[in-house]
Structures are given as structure tokens and as C-alpha cells.
2 protein chains.
Amino acid sequence: MVTIRDVARFAGVSVATVSRVINNKGYVNSDTRIRVVQAINQLKYRPNDVARSLFKGKSKMIALFVPDIMNPFFPELARAVEDVCNVHHYTFVLCNTDNSIEKELTYLNALQQKSVDGIIIVSSTLKKEHIEEVTVPIIALDRTFGVELSTVKVNNREGAREATEYLKLLGCQCIAHISGPKNASNTEERKQGYLDVVKNDDWFSCNYIVSGNYNLQVAKGVITKLLERHPEIDGLFVANDVMGVGAIKAAEELGINVPNNLSIIGFDGISLGETTSPTLTTIAQPIYKMGSRAAEMLIELIINNDSQKKTEEFSVQLVERQSTRPRGREE
Amino acid sequence: MVTIRDVARFAGVSVATVSRVINNKGYVNSDTRIRVVQAINQLKYRPNDVARSLFKGKSKMIALFVPDIMNPFFPELARAVEDVCNVHHYTFVLCNTDNSIEKELTYLNALQQKSVDGIIIVSSTLKKEHIEEVTVPIIALDRTFGVELSTVKVNNREGAREATEYLKLLGCQCIAHISGPKNASNTEERKQGYLDVVKNDDWFSCNYIVSGNYNLQVAKGVITKLLERHPEIDGLFVANDVMGVGAIKAAEELGINVPNNLSIIGFDGISLGETTSPTLTTIAQPIYKMGSRAAEMLIELIINNDSQKKTEEFSVQLVERQSTRPRGREE
DNA sequence: TTGAAAGCGCTAACAA
DNA sequence: TTGTTAGCGCTTTCAA
């Protein structure tokens, strides 16, 4: 391995001068600089980032915690974060947590030992006491957890209202809601948005809310049961698109025509919703933008170590596809 | 930050002794050990991995290159690699290359500066000369590129043969092939497998092979044209599932009934193929196994620095779903 | 069984 | 404008 000493020797200068050249910092005579640059090129010298990290106490690495990269909502988020990392010369570390507090804590420890500069976290399980000892900057993404942190998310409640109102507008008379896992903050927000719209309706009953755990198979199962038990349901607001696909599958197997006899709307706007038949109407989040914004905020935080917490809330957008249709207007 | 010096001072020993305790290496009196352990716990000491890396010249990090994590084939691979990393206490770095040689070279450089211990690469663009200067162990995954490296892949040619023969068995009289991008090694292998089965048939013509670039939209476009121009086609072997979904969509829009009038078989076995309607028959790869095996091989390579190259070829499996059906047996 | 000290490759304070 | 040197926190040789 070629070190800064080798370069210094080769160019006939001190290591300090070489350091000045490679960091473009401090006074260096232009002739000297040229000699150094030539030496660097001749020797194909590359500075050792580990040594730099040791001195600086920073590693130029950023980590992203997601429950599971195999869940199709997360790759776009990961991609966005990585792209921003790239621009700013950070290395991107990906951590799948499986919503396990143990894994999260293990990662938190390991990453700090590696002097990771900052972490973007999608979590439903972390609590205040776990984060308190963490000294690196953290951004919460997609959902909050019991800690006050700078956050990037969407207005879930409003999006859920919009979804439910849209179903009403189509003429749905009985709208059920498939919700996410209890501990996720956005589960509650989306459920509230749904309730805002329907809770005072005559037909409404709590039985129309069931949890599908943000999981396709689980959702498909509970939706099948729900639709069998309640044939009066003609609208379904499903709290994410993965479960929305489960809803379409469930209806298909039950022989219920979507959208003629049942309108289904999801939440997220992942591309999976475009591949089903019918394609899935949804409340789309600006996923890529959220990921990249979170990364940018984190990098700002790393640089300025600003202790002020701020939440950036993006707005969602209704994307009309084939799984919804006005009641009584079959084709 | 608590350092090894602090622990040493607190325990009344030297840093060498503390080092011996935390690494469980060398002689340490059991009383001394207890004192040190207590000091570590009291002070909540965590060794600094950056300092360790600097000394060892290794970082306990592994990187994975994929074209784009948003392509649904790659998350499972990434997940597998990360799981294995976890078991062996490696940190997992994800790099999206977009099939760009510039990005790949930039990553290769950056990662070496960070003393990354090894790299798993899915690439169609890297060449011998780019890899020659790389000193860290590398494993090729999913496809080969012009370098002799230890490799984990499936027997694409055989899988392609199996797919095409399956279509023949169903009674297809005219089978087209949608291939991947020219530069990917598995594109050629799958195309060869297809040709093995059909090239001597009377009906066969090169016009039945078109490239869809492993991309849904591109594939959908070319397949639409192909089916319009050649209504005689009754079987489609599509070189990956993403394009297979494009094929189903194209047929749907053209009003061609799948599987009654056209059988479609994909390749990969990603779960996306289960969400379409009809679901996609496919040649499934053991994706998770391949990822985890690649990671295990890499870690072996890191430890033993064995220079011997070996290729592990997994076998594929036909998964019959709804997009294929015997000719003349409509339901 | 333990400790002193060199050194991994780099940066930055200080001196010249 | 340049060089000397003290660390960053750790591991490991060598000597005691």
C-alpha cells in the first residue's frame, strides 16, 4: 500500500505538505504542488480513509434502518438515500431490522463503534431510552417513534381522509378499513383519517376495521374473512399498497368484481400497484423525495450539528387507477 | 468517548492488558480479568472499530454492487447478503451501479480507500483491466463479466431449455423469446437455451427473438409490436419475470387471452409474478440461497485468501402458475 | 502474567 | 511556504 510517506519521500517534501495538497488546505508553493501531484499520480497514491476517520472521529458513512428491504416500499427509499450519499461522498450502509428491537440496538452499537456519521431510521419499536445514549445524528423517516427527532413523513391522516372521501364520492355506502400493525405511528394516523370521515355515519361499526399488519398474505386472509362476513362492504381503504394487492387477490378469489362491486384504494404509490389487474388506485407518497430529503437533512445535521428538531411533512396525491369506479356505473 | 486508556487507568492495569481481555487473547490473570471487565462495564467502554481497522488494514465491511435495488430481483439478494454479514459481524454496504462503468469504478476506488474487506458484484460492464488493480477479494454474482472470478449463478442455459421445452410440451407451435440486454452474460445463456430447443424447428425464425432489456416498460412495448406482427405466436419465453409481467400486460391490452391463446413463462421466480392476473409461470432461481452463498464464499475468501477460483452453479425450478396452459384446453 | 512502546496512515498545531 | 511532531485508539512485539 502506498502511503503519504511514500509520496512525501518521492516528491522530496514532508508529509504535511502532501497532506496540504491532497486536502487543498494551507499554503503550498505551486511548484511544490506540481511535484506532489506528479508523485501522487506516479505512485497511484490513494489516501487511506480509515486513518482519516480515526483522526476526525467521522467515517463518511450513513446508515439506513428499514424493517425489510424485500418489502417493496423500501427499495425506492434506499435508492434515494444512496443517491444523496453518493453526491456527498458518503458510503451507504443498509440495515434490515425486521422490526426487532434487539437487531436495532445491535446495529446502533455496531455503527457507533464504526464512527458512522448519521442514521436514518424507519422504526416502530425504538423508544426514547434506546436513543438517549446515541450520540450520532438521527433522522426518523416514514414514521415516528417515541422520541423527538427531526422527521420526514407524509400527512397520513389527511391522505387517509382523502382516500376515504374519494370512496364516498364514488358512492360507496359501506367502507371498511384494513389497517397496519398497532405499533407503527402511521397505522394510527391513517386509521384516524378514515375515522374522521366515517365515524358519524349510520352504517359505521368498528367491525369494519381490521388489521392486516402491512403484509400481503395476512391482509389477504383477513380481507377474505371480512368480505365473506360483510357482503355489504362496497369500498375498501387499505392502509398500504402491499395489502391493497392482497385485497385485489382476495376479491378475485371470492369472485367479487373489482371495481364494479367493490372499490379498493391503497396507500403508498409503489409500482407494484400498477402490475395487478385491475391496477390499484392509491394515495401516492413522494417516496423518492422523502428518502432524498431525509438524507439531505441528515447531512446538514452532521455538518452543523444543529440541535433543533424539525418535521417535514410531504403531501400525498390521489392516483386513480382501475380498482375504483363510481357505484352503479358498471362497464 | 471512553477509550482503552480510560479503562486501563480505571482498572489499574496497562492498555495491553485491557486489549488482551477484550480480544480474549494472551495470558491474563483471572483476578485482573475481572477487574478489567468491571471497568469496561462501569465505563460502558466500546472499542473503536476505526482504530482497529487502521491497525489491521481491514474494516469488517462487505459491499454489494447491484444495478438498481429498485429492480425487484435484487432486494432478496441484498437481504441474503446482509443476513450473512450480520452473522459474521460484517457491515453491509449497498451500491447501485446503474450498469454504469463510471459508477462501478468510483465505488471500487472509494471502497478500497475504506479498506472494505470484500465485494460481491452483479455486473455486465466491468472488464478485466478494471479489476486487475483491485486487491480485495471479489465474488461475481448472478452473471459473469470478462474476468475470472469465483462465481455464484444458476445454470441459465438449462433453465431456458426447460422453459422452452415446457412450452412445447403444452403444445405451443410457435414460441418467441424476449431476451435481456446484450452485454449481460445470462442474456446470452438464456437465449442459447431457447435456441437449443427451437432452432431446428420448421417454424423458427430469428424474428421471434427480440430484446426487452430486462425492463418492464421496454418489454411491454416490444412485445406489443411482436404480437401484433406475429399473431401466430402462441408461446412466449421471457428472459426475466419483470419482462414477463410486461408480457402479461401487453397481452391484456391487445385482448389476447393468457393462457388460453398465449402461454407465457418467465425466469427468476420473484414474488412480483404472483401478484399479476394471471400469475406468472416461471423458472425460479434460488435467489436467497445464491445471495447467502455468495456472501459465505466471500467471507471464506477474506479469511483464507484462497486464490483458487470456483464457480457454484445452482439449479432452477419450474414453477407452474396461471400464465401457461396446454393448447386447445381452454377452460 | 504484565507493561512499555512502536506503529497502523493521517491531520493539524506549532515552529522555523 | 515548509517541516517536525504529537496524537487519533488500537494491537502486538518484546522485555521484564
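A, B, ... follow the sequence lines: proteins, then strands. Residue 1 opens every chain.
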Let me know the distance between [atom1] of [X] and [atom2] of [N], rounded to the nearest Å.
X: A:Phe55; N: C:dA13; atom1: CZ; atom2: P; value: 7 Å
X: B:Lys114; N: C:dG9; atom1: NZ; atom2: P; value: 17 Å
X: B:Asp49; N: D:dC10; atom1: CG; atom2: C1'; value: 10 Å
X: B:Arg9; N: D:dC10; atom1: CZ; atom2: C1'; value: 15 Å
X: A:Asn48; N: C:dC8; atom1: CG; atom2: P; value: 11 Å
X: B:Ile4; N: D:dC10; atom1: CD1; atom2: P; value: 5 Å
X: B:Lys58; N: D:dT11; atom1: NZ; atom2: P; value: 16 Å
X: B:Lys56; N: D:dG9; atom1: NZ; atom2: P; value: 19 Å

Starting the side chain at C-beta, find the nucleotide from [options] nearest to [X].
X: B:Arg52; options: C:dC10, D:dT11, D:dG3; answer: D:dT11
X: B:Tyr27; options: C:dT1, C:dT11, C:dG9; answer: C:dT1
X: B:Pro47; options: D:dG3, D:dC10, C:dC10; answer: D:dC10

A:Arg20 vs A:Val2, nearer the 5' end of DNA chain C by closest nucleotide: A:Val2
Along DNA chain C (nearest heavy atom to each residue), the more 5'-positioned of A:Lys25 and A:Met1: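 Nearer the 5' end of the strand: A:Met1.
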NA contact type, [X], heavy-atom cut-off 4.0 Å: base, sugar-phosphate, or nothing?
X: B:Val28; result: sugar-phosphate
X: B:Thr3; result: sugar-phosphate
X: A:Asn23; result: sugar-phosphate

Residue whose closest nucleotide on DNA chain D lies nearer the 5' end, B:Tyr45 versus A:Val13: A:Val13
Of A:Arg5 and A:Asn29, the one whose closest DNA chain D nucleotide lies more 5': A:Asn29
Does the [X] side chain pair with the main chain of [Y], one donor and one acceptor, at a distance under 3.5 Å?
X: A:Ser150; Y: A:Lys310; answer: yes
X: B:Gln112; Y: B:Val134; answer: no
X: B:Asn48; Y: B:Val50; answer: yes

Close side-chain approach of A:Glu82 and B:Leu94, heavy atoms under 4.5 Å: no
B:Thr17 vs C:dT2: side-chain N/O to OP1/OP2 distance below 4.0 Å: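 It does not, given that no N or O in the side chain of B:Thr17 lies less than 4.0 Å from OP1 or OP2 of C:dT2.
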Any B:Ser19 side-chain nitrogen or oxygen under 4.0 Å from OP1 or OP2 of D:dC10: no
CA sep, side-chain torsions, deciding dist, call: B:Asp117, B:Lys56, salt bridge (Lys or Arg N to Asp or Glu O under 4.0 Å): CA-CA 11 Å; B:Asp117 294 4; B:Lys56 302 235 181 188; over 6 Å; no
